Amino acid sequence: MLKAGFVTLALMAVAAPGRAQTTPAQSTAPEPFRFQFPAGYVGRLGGTEGTLDFGADIDKINAFGVRSFPLPTAQDWRVALVKHLNYWEYNISTRIKDTTLLAGVVNNGEAPSGVAKVEVTHDPFKGIQYGAIIQGYQGLPNLARFNVGYASTVWQDRIRILNVVGIGAEPSNFLPYTFSQVNGGYGEPIGPQFNWRLDSTARLYTFPLDNKAQWSLDVTPSLAYRPAAGVTLNLSHLERFAGGEVALPSFNLARYEESNATITYRIPGTPDFGLGALRVRGTRNWTGDYTYLRNDVLLNIKALPFLIGPSIGYQWGPAKNGSTSQMLYALVVMGK
């Protein structure tokens with residue numbers, strides 16, 4: 001009996017490994033990391049703005065870099081990194097449920113160095129509005145603004161009405177204010193080739209403690225004309241009227257006039273890499289007596305969701321001061 005039992009145990013020991021081999025071994029090694037771009041990421045690249053500014057002297061680059069470059073994250077975060085002659089422009093921003101968030105150094109086109117800025121602005125097309133902006137220049141705070149308001153629409157959402165109350169702070173000034181704005185537009189096609197539109201914006205700032213107020217009105221007619229396949233002519237003109245006085249200088253708006261004309265030819269049947277479009281842009285600043293002419297050559301690159309290429313132009317300064325005339329060089333993009 002003992003011998004028989006020993007033989008049975010031996011057979012079971014031999015058979016056990018055979019039964020274990022019929023079941024595949026389970027690996028405990030972790031899955032390798034695979035990076036994937038979020039859905040829709042390639043489409044976000046169309047909003048990227050490349051900057052390459054030589055100014056008057058092609059041997060000296062005034063600015064180069066990129067703005068509104070999307071990070072590969074589920075939320076659409078955008079970064080800017082531009083090297084100017086005297087400072088770096090860098091910031092990060094996003095828009096979440098009608099709320100704009102921004103932090104960093106921005107270029108306002110006027111200051112000789114960057115402007116540090118933090119902004120939270122909730123501005124849906126309709127409904128409750130609120131915002132806060134804190135801005136500093138050369139390390140010193142020069143603007144803070146906090147406001148709350150409400151926006152509504154009429155005429156099938158063609159006209160938007162905004163009313164805001166807030167507090168603005170600048171050096172030596174800390175004042176409450178109100179802001180009202182009515183803006184809207186309307187357009188109609190005229191046959192298959194023409195399309196006209198008229199946009200306008202009326203604003204009113206009041207400063208109750210200083211007994212000051214300023215009104216302004218923008219009127220912008222525009223016309224689009226398509227004389228042939230792939231060819232588009234866009235014409236627009238801005239007239240801004242203003243009157244009164246503001247208690248906070250950063251709110252000030254003045255009389256302004258500007259006309260713009262753009263002719264674009266999109267090359268049909270563009271290959272994966274080749275010439276995508278030609279564009280000529282003209283701008284006349286009647287207020288400052290400046291004229292700009294820019295010629296853009298835009299390339300189509302299959303991997304990019306936009307056209308990109310060089311721009312060469314010229315700026316004519318005021319007739320009384322021709323020294324402000326200069327060549328213009330830039331890198332431009334356009335949606336496909």
Side-chain angles (χ1 to χ4, degrees), residues 40 42-50 67-68 95 98 123-126 151-162 181-203 216-242 253 255-270 274-288 290-300 304-309 311-313 328 330-336:
V42 175
R44 296 180 198 170
L45 292 169
T48 302
E49 176 189 344
R67 295 188 180 98
S68 195
R95 188 155 177 90
D98 297 320
D123 56 351
F125 190 64
K126 292 188 287 187
S152 58
T153 63
V154 296
W155 196 19
Q156 297 177 339
D157 291 344
R158 292 190 181 98
I159 297 178
R160 182 174 184 259
I161 304 169
L162 171 65
Q181 176 176 286
V182 179
N183 66 283
Y186 184 75
E188 288 284 351
I190 306 175
Q193 295 178 305
F194 288 91
N195 196 316
W196 69 271
R197 183 173 177 86
L198 178 64
D199 293 279
S200 63
T201 300
R203 310 175 192 84
S216 61
L217 174 65
D218 292 0
V219 179
T220 308
S222 59
L223 177 70
Y225 174 50
R226 300 173 181 83
V231 179
T232 304
L233 169 64
N234 294 101
L235 303 173
S236 66
H237 179 76
L238 167 63
E239 286 280 349
R240 173 175 294 164
F241 306 91
L253 293 173
R255 180 81 167 97
Y256 189 79
E257 297 176 273
E258 182 180 292
S259 300
N260 288 276
T262 301
I263 302 176
T264 305
Y265 175 52
R266 292 181 178 269
I267 311 296
T270 303
L275 189 60
L278 299 172
R279 183 173 63 184
V280 178
R281 296 175 290 151
T283 298
R284 173 60 181 169
N285 180 334
W286 302 97
T287 305
Y290 283 91
T291 302
Y292 306 88
L293 180 65
R294 297 175 173 89
N295 302 279
D296 307 333
V297 178
L298 295 135
L299 302 176
N300 178 60
L304 299 177
F306 50 82
L307 306 178
I308 186 170
S311 174
I312 302 176
L328 302 172
L331 183 68
V332 294
V333 298
M334 184 174 70
K336 287 186 176 180

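Computed from a prediction, not measured in an experiment: that's the story for all the values here.
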Exam field: side chain Thr287 to backbone Glu257, donor-acceptor pair closer than 3.5 Å: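 Yes.
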
Ignoring hydrogens and geometry, is there a side-chain-to-backbone donor-acceptor pair from His237 to Ser222 under 3.5 Å? no

Any ion pair linking Arg255 and Glu239 (charged N to carboxylate O, less than 4.0 Å)?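 Yes, this pair counts.
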
Could you tell me whether Arg95 and Asp123 have a side-chain N and a carboxylate O separated by less than 4.0 Å? yes

Find the distance between [atom1] ([X]) and [atom2] ([Y]) and round it off to the nearest 0.5 Å.
X      : Y      : atom1 : atom2 : answer
Thr232 : Asn195 : OG1   : CG    : 11.0 Å
Thr220 : Leu198 : OG1   : CG    : 8.0 Å
Asn234 : Thr264 : CG    : OG1   : 6.5 Å
Leu307 : Leu299 : CG    : CG    : 8.5 Å
Leu233 : Tyr265 : CG    : OH    : 15.5 Å
Thr201 : Leu162 : OG1   : CG    : 11.0 Å

For [X] and [Y], work out which heavy atoms get closest and say how close.
X      : Y      : value
Ala261 : Leu235 : CB-CD2, 3.6 Å
Tyr290 : Gly288 : CD1-O, 3.2 Å
Arg160 : Pro124 : NH2-O, 3.0 Å
Gly309 : Leu331 : O-CD1, 3.4 Å

Side-chain heavy-atom pair [X], [Y] within 4.5 angstrom cut-off:
X      : Y      : answer
Arg203 : Asp218 : yes
Tyr256 : Asn285 : yes
Lys126 : Asp157 : yes

Is the number of heavy atoms from other residues, nucleotides or ligands under 6.0 Å of Trp286 CH2 greater than 12? no

Anything under 30° is parallel, anything over 60° is perpendicular, the rest tilted; go ahead and classify Tyr186 against Trp155. parallel

For residues 291-298, which side-chain N or O atoms pair as donor and acceptor with protein atoms under 3.5 Å away, sequence neighbours left out?
from	atom 1	to	atom 2	distance (Å)
Thr291	OG1	Arg284	NH1	2.8
Asn295	ND2	Ile312	O	3.4
Asp296	OD1	Arg281	NH2	3.3
Asp296	OD1	Ser311	OG	2.6
Asp296	OD2	Arg279	NE	2.8
Asp296	OD2	Arg279	NH2	3.0
Asp296	OD2	Arg281	NE	2.8
Asp296	OD2	Arg281	NH2	3.3

Checking Arg226 now: which residues fulfil salt bridge (charged side-chain N to carboxylate O under 4.0 Å, His left out) with it, not counting sequence neighbours?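 For Arg226 there are no salt bridge (charged side-chain N to carboxylate O under 4.0 Å, His left out) partners, ignoring immediate neighbours.
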
